[in-house]
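These notes are about the structure you will find just below.
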Amino acid sequence: MPSAPELSRAQRNLWDLITAPEGVASTGPEAIERARRLVRSDERLDAVERLDIYANMYFYRLRDCLAEDFPKVVAMAGGAAFHNLITDYLLAHPSSCWSLRELGRALPEFIARHELAGTHPFLADLALLEWARDDIFDETDATDPAPLSRADIAALNPGQLDSLELSVIPAFRLLDLEWDAAQAWRQIERSGEAAPPAGINSAAAVDHGHFEDLPPAGAAPPPRTQTRIRVWRRAGRVYHRVIEGDEHACLEALTRGATLARLGEIVFESVTGGAGVLGVTAERARQQAAIRRLGTLVESWLEESLLVRLSASARTAS
Amino acid sequence: MTGQAVLGQGVGLRRDHFERVLSGPTRVAWFEVISENFMVKGGRPLEVLDRVRRDYPIVLHGVSMNIGSTDPLNLDYLDRLGALASRVQPAWVSDHLCWTGVGGHNAHDLLPLPYTEETLAHVVDRVRRVQDRLGRRIALENVSSYLTYQASALTEWDFLAQVAERADCGILLDVNNIFVSARNHGFEPETYLAAIPAGRVWQFHLAGHSDLGGYLLDTHDHPVRDEVWTLYRSAVERFGDVATLIEWDGNIPAWDRLEQESLRAGAIQSEALHDGRSDAVGA
């Protein structure tokens with residue numbers, strides 16, 4: 001039994017009325033009757049009109065927030081298709097967190113199952129890329145432990161290198177996509193069509209027609225090809241880059257914690273391409289190739305401040 | 001007197017102005033930030049906030065406390081807010097006298113309450129528990145509203161005044177919201193001001209709104225309207241030298257324009273305080 005039963009009833013009533021997807025009046029005479037029992041009408045506005053102000057603000061505020069988080073999905077789909085997508089999304093995933101930041105977390109997966117995926121099969125992967133970028137924008141800073149530098153590595157005894165346990169900074173994500181979403185992202189970025197369509201404020205409720213008129217960007221669909229991407233934040237800015245399979249495998253291992261020796265094995269397997277027993281000369285050549293490749297990878301990770309020493313607590317947890 | 005710091009005129013700190021604010025001195029005295037935007041694990045927003053805090057007082061202003069809801073208080077939310085307050089050491093923490101969600105869902109809107117004795121008791125109890133949890137008193141803001149519940153038996157101003165008195169919290173008096181609600185519901189804004197206990201008002205908000213013909217919408221995307229400046233002057237005459245903040249969240253102008261709006265608030269406040277003193281001397 002709630003401590004304030006009348007208030008509880010009023011809130012659930014109002015919630016149902018203002019979250020109806022087509023507005024209060026469209027839900028039929030029973031809803032209109034409920035609206036009038038809940039809210040006063042006067043000579044300025046009827047109860048239904050008053051509730052519709054809140055119904056509009058509910059939908060348009062959340063849609064505009066998602067449009068700001070997924071501007072390239074909006075650009076690819078167009079305003080009208082995005083509007084319809086979000087109508088369906090909010091019915092399936094009403095916000096359950098106090099932070100608007102979390103609202104779009106389930107959108108990529110939702111797009112994959114939505115009818116929009118029929119005409120835009122790459123859209124869910126593009127949404128995954130945008131969400132990964134959003135998600136690390138305010139992820140934990142790498143301060144304890146701080147990212148490793150070249151000097152940190154150089155200071156180590158060569159004998160310690162192989163057993164050095166490493167991980168990646170918190171503001172880091174790995175993606176393994178079916179479509180080259182990075183190409184779509186780049187195309188839209190270059191065409192300049194992914195500016196956020198509206199601010200997060202109730203002003204959007206005044207001029208929402210404009211959003212639905214946004215045409216699709218007209219960018220060509222990206223190729224359907226396995227695309228691995230790393231996404232990271234450095235000095236407050238978010239970056240992403242398409243990477244090769246061996247780098248993806250190494251970074252995936254690093255997300256769980258791995259030694260340089262383990263990374264060497266991963267790269268070696270990649271260089272040998274899963275070949276069976278090799279001759280001594282061929283094996284030595286491939287080992288050398290693997291060492292050079294790992295060196296190149298480690299250099300780039302250090303350059304981009306991606307690596308940290310695996311902390312004792314992380315080691316215990318894993 | 002409110003017992004709160006005399007901060008002068010401030011503005012809401014928004015992403016568009018981060019670089020300008022960090023680049024050198026400004027003519028505003030303090031900043032208000034939306035608490036939830038900084039209740040995050042790390043990254044640029046927190047770094048900016050820490051740097052701004054070195055030079056200015058900060059007020060934390062939340063939009064998701066959900067103080068009027070019949071859902072249980074969100075203790076995780078409150079603890080994160082408390083952690084941010086420990087980090088920032090704000091002049092004070094505020095949120096809205098409203099509800100934002102029920103049944104575990106959030107509308108991310110400031111929904112009005114039915115003004116009844118039952119709601120009053122419910123809200124007062126929750127404000128007390130929030131203040132205990134945070135270890136500090138909070139201020140609650142009157143929201144713009146577009147509807148009145150059939151069940152409401154109290155006026156909004158009586159409800160706000162009673163919450164503040166019974167829960168021993170402060171009031172963030174949004175002058176624009178009073179004006180908007182007055183037009184939407186047909187009451188006199190001066191009546192509202194007259195009912196608010198002077199010692200409870202810690203802060204004023206000023207903002208722009210949109211006239212949609214049948215009603216006013218609190219959009220925060222315009223300069224403050226002349227009628228709201230007039231009402232602000234009345235508020236200063238009644239409540240005194242209260243910290244005043246300009247909110248501008250949509251169609252955000254260049255920094256200089258926002259600063260001008262804040263300076264205008266300062267000029268009106270000085271004038272009203274000076275006139276008030278002259279009247280007192282002449283009386």
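Lettering follows sequence order; numbering is per chain, from 1. The structure presented is a predicted model; accordingly, all values stated were derived computationally and were not measured.
Classification of Arg61(A) and Asp109(B) as a salt-bridged pair holds, one side-chain N sitting under 4.0 Å from a carboxylate O.
Dense packing is recorded around CD of Glu227(B), with more than 12 heavy atoms of other residues, nucleotides or ligands lying under 6.0 Å away.
Distance CG/Leu62(A) to NE2/His108(B): 6.0 Å, rounded to 0.5 Å. Interatomic distance, Glu49(A) CD to Leu147(B) CG, rounded to the nearest 0.5 Å: 12.5 Å. Separating the CG atom in Asp42(A) from the OG1 atom in Thr148(B) is a distance of 7.5 Å, to the nearest 0.5 Å. Note that the OG atom of Ser99(A) and the CG atom of Asn106(B) stand 9.5 Å from one another [nearest 0.5 Å]. Between atom CZ of residue Phe137(A) and atom CZ of residue Arg44(B) there is a gap of 8.0 Å, rounded to the nearest 0.5 Å. One distance of note links OG1 of Thr100(B) with CH2 of Trp98(A); it measures 12.0 Å at 0.5 Å rounding.
Proximity to chain B (any heavy atom under 4.5 Å) is restricted, for Arg233(A), to the side chain, taken from C-beta onward. Contact annotation for Leu120(B): neither backbone nor side-chain heavy atoms come within less than 4.5 Å of a heavy atom of chain A. Only the side chain of Leu45(A) comes within contact range of chain B, with at least one heavy atom under 4.5 Å from a heavy atom of that chain.
Residue with the most contacts toward chain B among Ile18(A), Leu103(A), Thr143(A), Leu14(A): Leu14(A) (heavy-atom pairs, distance under 4.5 Å). With respect to chain B, the highest number of heavy-atom pairs below 4.5 Å among Arg40(A), Arg37(A), Glu6(A) belongs to Arg40(A). Each of Glu43(A), Arg237(A), Arg12(A), Arg50(A) has some count of heavy-atom pairs under 4.5 Å with chain B, and the biggest count is that of Arg50(A).
Here the closest heavy-atom approach between residue Arg44(A) and residue Gly186(B) is recorded as NH2-CA, 2.9 Å. The two residues Ser3(A) and His122(B) come nearest to each other via the heavy atoms OG-ND1, 3.3 Å. Closest approach of Met57(A) and Leu217(B) over heavy atoms only: SD-CD1, 3.9 Å. Listed here is the closest heavy atom pair of Gly101(B) and Trp15(A): CA-CZ3, 4.2 Å. Between Tyr54(A) and Ser144(B), the shortest heavy-atom contact is OH-O, 4.1 Å.
For the pair Gln150(B) (side chain) and Val39(A) (backbone), a donor-acceptor distance under 3.5 Å is present.
Between the side chains of Ser96(A) and His105(B), no donor-acceptor pair is found at a separation under 3.5 Å. In the model, Gln11(A) has a side-chain atom that pairs as donor or acceptor with a side-chain atom of Thr70(B) under 3.5 Å.
Arg183(B) is linked by a side chain to side chain contact (heavy atoms under 4.5 Å, CB included) to Phe179(B), Asp211(B), Leu216(B), counting only residues two or more places apart in sequence or in another chain.
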